[in-house]
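Heads up: the structure comes next, in structure tokens.
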Amino acid sequence: MYGINILSWLSVTAVPLAPSDIGLEPHEETELILWLIAAIISIVPIVVFFVSYLRVRKPVLLIATSAFFIFFLKAMILAMKLFIPTYVDEFWWSVAAILDIIMISLVAFSLSKKA
């Protein structure tokens, strides 16, 4: 019951943050901006893991860097509608699901490797 109330509250309180001429609903704009924030934040672990890899040269760190880079790509693909008004994202949700599978596989593989 709380989930329904929270979702309706989020859709009502969504603030239009992108230019209003791109034709998005306020909740869509909020979702896209959250994906953009996730993409920006994912740059931090990419840099940290890559610098760590350059120092110790363990393949596990390079695999983790790759997983975070794929997450960055996925988040940018899903946030692209903010920048390109004619962007059709229905196809890209399938691509995002495939990227999720690749990310999970990379993380599982890196955890299974000996450090």
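All residue numbers in this chain count up from 1 along the given sequence. All values derive from a computational prediction rather than experimental measurement.
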Going by heavy atoms in the side chains, are Ile77 and Trp93 under 4.5 Å from each other? no
Side-chain contact, heavy-atom cut-off 4.5 Å: Val88 with Lys81? no
Taking side chain to side chain contact (heavy atoms under 4.5 Å, CB included) as the test, write out the residues that go with Ala96, two or more places apart. Lys74, Leu78
By side chain to side chain contact (heavy atoms under 4.5 Å, CB included), Ile63 pairs with (sequence neighbours left out) Leu106, Phe109, Ser110
Spacing of [X] atom [atom1] and [Y] atom [atom2] [to the nearest 0.5 Å]:
X	Y	atom1	atom2	value
Glu25	Thr30	CD	OG1	11.0 Å
Lys113	Leu61	NZ	CG	12.0 Å
Met76	Trp92	CE	CH2	12.5 Å

Considering residues at least two apart in sequence or located in another chain, which fulfil the ring pair (Phe, Tyr, Trp, His ring centres under 6.0 Å) criterion with Phe72? none
Can you classify the ring geometry of Trp35 versus Phe71 as parallel (below 30°), tilted (30 to 60°) or perpendicular (above 60°)? tilted
In the hydrophobic clustering that connects Ile, Leu, Val, Met, Phe, Trp and Tyr at side-chain heavy-atom distances below 4.5 Å, which members other than Leu111 occupy its cluster, ordered by chain and number? Val107
Could you list who else is in Ile104's hydrophobic cluster, with ILVMFWY side chains joined at under 4.5 Å, directly or through other members? none
Determine whether Leu36 and Leu32 satisfy the following criterion, side chain to side chain contact (heavy atoms under 4.5 Å, CB included), listing intermediate values before the conclusion. CA-CA 6 Å; Leu36 184 62; Leu32 295 174; over 6 Å; no
Criterion side chain to side chain contact (heavy atoms under 4.5 Å, CB included) on Ile102 and Asp100, from CA distance to verdict: CA-CA 5 Å; Ile102 294 170; Asp100 282 339; over 6 Å; no
Donor-acceptor list for residues 42-56 side chains, cut-off 3.5 Å, not counting sequence neighbours:
| unit_1 | atom_1 | unit_2 | atom_2 | d |
| --- | --- | --- | --- | --- |
| Ser42 | OG | Ala39 | O | 2.7 |
| Ser52 | OG | Val48 | O | 2.9 |

Please determine whether residues Ile101 and Val95 belong to a single hydrophobic cluster, defined as Ile, Leu, Val, Met, Phe, Trp and Tyr linked transitively by side-chain heavy-atom distances below 4.5 Å. no
